[in-house]
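Notes for the one structure printed next.
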Amino acid sequence: MSIAPVRPTVLSFEDARHTVEEHAAQLTAPATEQVDLLAAFGRVLAEPVLADRDMPPFPRSTRDGYALHSTCVSRLPAVFEVIGEIKAGEITEKIPSRIELGKAASIMTGAPVPPGADAVVMVEHTTLDENKVEVTRAVKPGENIVPRGAEARQGSTLLAAGTRLQEAAIALAASAGKSSLEVYRRPQIAILSTGDEIVGITSKPGPTQIRNSNSYSLAVQVLRVGGQPLLLPIAPDEPVRLQQLIERGLDSNLLLMTGGVSMGRYDLVEQVLTEMGAEFFFTGALIQPGRPVVFGRCSASVGGGQGTYFFGLPGNPISTMVTFELFARPVIEALAGQSPKKLAFVHAQLKSEIRVKSGLTRFLPAILEGEFDQATVELVPWQGSGDIAATARSNCLAIIPATREHIPPGEWVSVLIR
Ligand code: AMP
Ligand code: MG
């Protein structure tokens with residue numbers, strides 16, 4: 001299916017995000033490679049991991065205590081004959097074959113509960129005297145026991161392809177005996193900073209020149225979502241050289257450009273891409289920062305197929321970071337083979353009032369802090385979307401809906417944490 005190009009179009013935040021998600025959903029997964037379990041951390045799983053046995057493989061005691069039959073503690077206190085001790089990892093021959101009514105076995109956390117027992121009384125609620133134990137607290141059937149296979153049945157899927165492998169997933173793979181995993185290869189993401197005033201970070205900037213910081217924030221963001229950044233040389237605001245570098249960038253799986261997408265006389269990115277025959281899905285979003293953000297697709301050569309997706313991100317450093325997070329990220333995740341996921345927000349109470357003009361959904365650098373049920377958020381004072389110093393002090397983005405002009409302190413607002 002092809003998606004009809006719309007140009008030039010300024011979309012609401014929701015529509016722009018939806019457009020990106022629709023395109024991302026159509027991307028096909030990249031090639032795969034086998035890597036050691038620890039090297040798979042942060043990568044995207046390419047084949048399902050199955051349970052090689054029931055989990056747990058036996059009814060597992062979750063407490064140190066006594067395994068017994070719950071009906072025997074309906075009257076308290078109750079006294080039991082202790083017929084043995086079961087350690088975690090106990091050899092099968094030493095485990096009582098059955099716990100009869102009125103009997104109990106001393107049992108440790110992680111040890112198998114023998115047949116006949118349907119509950120474990122915690123050691124804290126017992127007193128041992130020679131081979132008799134007195135129980136002072138009732139237990140319900142099943143209490144302190146995880147039944148065999150309750151977490152996963154042998155042969156069932158523990159981890160689906162498309163899962164990004166964080167610590168719990170790595171632990172699950174380890175518990176299924178996987179010392180290596182099949183993961184997707186990292187997509188290559190070209191990064192092209194544009195602007196006559198932009199210089200490399202190793203050269204000494206002239207009085208009106210600005211060091212290229214966007215290529216670095218983008219590279220970090222690309223790495224974090226599983227891409228391999230490719231930093232291209234800085235493009236001047238001059239169409240021939242700009243086109244050459246865009247063509248190079250289109251050889252990657254995705255091209256991220258920064259700068260040159262606003263309304264200025266030297267903002268040439270859209271113009272050059274139009275001449276190259278690009279299709280544009282949007283050329284702006286009603287957001288702040290990042291309103292001039294561009295999303296499209298272009299092939300580097302005539303007859304080059306459907307081409308490569310690109311984003312033209314506004315050059316102001318915070319606009320670049322925010323628009324990456326809102327729009328480029330889902331595309332890179334899809335290129336990395338990850339199953340699509342919606343943006344997830346947390347909520348926090350605003351510390352100080354916010355006054356803005358309505359009409360734009362705002363994603364403003366803020367500080368989120370607080371206790372369990374007392375999360376608060378406060379905007380970081382800043383000089384606008386070029387203020388990297390203020391943004392480096394923030395730990396989240398506070399979201400102001402496009403319809404709001406005033407949010408009083410104490411109101412719950414949505415917060416985006418990366
Ligand atoms: P532009 O989007 O090209 O109009 O640029 C907007 C602002 O962002 C200008 O102040 C630029 O100097 C600045 N800027 C653009 N590209 C970069 C970059 N790669 N690194 C740091 N600042 C940039
Ligand atoms: Mg510029």
Side-chain angles (χ1 to χ4, degrees), residues 8 10 16 189-224 227 229-246 248-249 252 254-275 278 280 282-296 310-329 360 362-365 380 382-394 397:
V10 178
I189 314 297
I191 295 172
L192 177 59
S193 280
T194 74
D196 281 342
E197 78 282 29
I198 308 301
V199 294
I201 57 171
T202 52
S203 52
K204 188 172 162 47
T208 58
Q209 291 180 318
I210 299 293
R211 291 196 185 95
N212 173 17
S213 61
N214 287 346
S215 291
Y216 297 91
S217 58
L218 284 174
V220 168
Q221 288 176 294
V222 164
L223 284 169
R224 204 173 45 207
L230 172 69
L231 272 61
L232 295 173
I234 296 161
D237 294 320
E238 183 278 307
V240 174
R241 179 70 178 143
L242 181 58
Q243 177 165 343
Q244 278 175 1
L245 287 166
I246 288 177
R248 261 175 75 180
S252 292
L254 176 72
L255 168 60
L256 300 177
M257 292 162 282
T258 83
V261 290
S262 308
M263 297 300 285
R265 194 172 303 155
Y266 300 98
D267 289 325
L268 302 174
V269 166
E270 270 167 85
Q271 196 180 309
V272 166
L273 281 159
T274 304
E275 274 156 29
F280 293 90
F282 56 81
T283 55
L286 295 173
I287 59 169
Q288 192 240 346
R291 185 184 167 123
V293 59
V294 173
F295 175 44
F310 63 80
F311 284 94
L313 307 177
N316 261 316
I318 319 313
S319 308
T320 306
M321 291 181 224
V322 169
T323 49
F324 175 95
E325 213 54 39
L326 298 179
F327 304 119
R329 181 180 179 143
L360 301 176
R362 294 171 203 262
F363 299 84
L364 302 179
V380 176
W382 72 334
Q383 301 300 318
S385 55
D387 193 344
I388 316 177
T391 304
R393 290 191 285 273
S394 73
L397 298 170

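Every number for a ligand or one of its atoms is a count from 1 in the order of the listing.
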Does some side-chain heavy atom of Glu270 sit less than 4.5 Å from a side-chain heavy atom of Val294?
yes
Ligand 1 to Asn212, heavy atom cutoff 4.0 Å, flagged ligand atoms 18 (C), 19 (N), 20 (N)
Of all protein heavy atoms, the one nearest atom 12 (O) of ligand 1 is Glu197 OE2, 2.5 Å
Which of Ile189, Val261, Leu254, Thr258 passes side-chain contact (heavy atoms from CB on, under 4.5 Å) with Phe311? Answer is Leu254
heavy-atom search around atom 21 (C) of ligand 1 in the protein gives Ser213 OG, 3.3 Å
TODO: Answer with yes or no whether Gly264 contacts ligand 1, where contact means a heavy atom under 4.0 Å from a ligand atom.
DONE: no
In this structure, CD of Gln209 is separated from CD of Glu197 (nearest 0.5 Å) by 9.0 Å
Arg329 meets the side-chain hydrogen bond (donor to acceptor under 3.5 Å, both in side chains) criterion, sequence neighbours left out, with Glu325, Glu333
Atom 3 (O) of ligand 1 sits nearest the protein heavy atom Gly260 N, 2.9 Å
The reported gap from CD1 in Ile318 to CH2 in Trp382 (rounded to nearest 0.5 angstrom) is 6.5 Å
With heavy atoms and a 4.0 Å threshold, my read on which part of Arg211 contacts ligand 1 is backbone
Atom 5 (O) of ligand 1 sits nearest the protein heavy atom Gly315 CA, 3.8 Å
**Message:** Is there a polar contact between ligand 1 and Pro314, counting only N or O atoms under 3.5 Å apart?
**Reply:** no
Q: Please indicate whether any nitrogen or oxygen in Gly259 is less than 3.5 Å from any nitrogen or oxygen in ligand 1.
A: no
Exercise answer: donor-acceptor pairs, residues 232-239 side-chain atoms, under 3.5 Å, sequence neighbours excluded:
residue: Asp237; atom: OD2; partner: Asp196; partner atom: N; Å: 3.0
residue: Glu238; atom: OE1; partner: Arg241; partner atom: N; Å: 3.0
residue: Glu238; atom: OE2; partner: Val240; partner atom: N; Å: 2.9

Quick note on ligand 1: atoms under 4.0 Å from a heavy atom of Asn214 include exactly 16 (N), 17 (C), 18 (C), 19 (N), 20 (N), 23 (C)
| task | Tell me, please: is Ser215 in heavy-atom contact with ligand 1, that is, under 4.0 Å? | result | no
query = For the side chain of Ser319 and the backbone of Pro289, is there at least one donor-acceptor N/O pair under 3.5 Å apart?
reply = no
A student checking ligand 1 against Ser193 at a 4.0 Å heavy-atom cut-off should list atoms 19 (N)
Original post:
Counting N and O atoms only, with roles assigned by atom type, does the side chain of Gln221 sit under 3.5 Å from a partner on the main chain of Met321, one being a donor and the other an acceptor?
Top reply: yes
Establish, from distance only, whether the side-chain atoms of Asn214 and Thr320 form a donor-acceptor pair under 3.5 Å.
yes
Of all protein heavy atoms, the one nearest atom 10 (O) of ligand 1 is Asn316 OD1, 4.2 Å
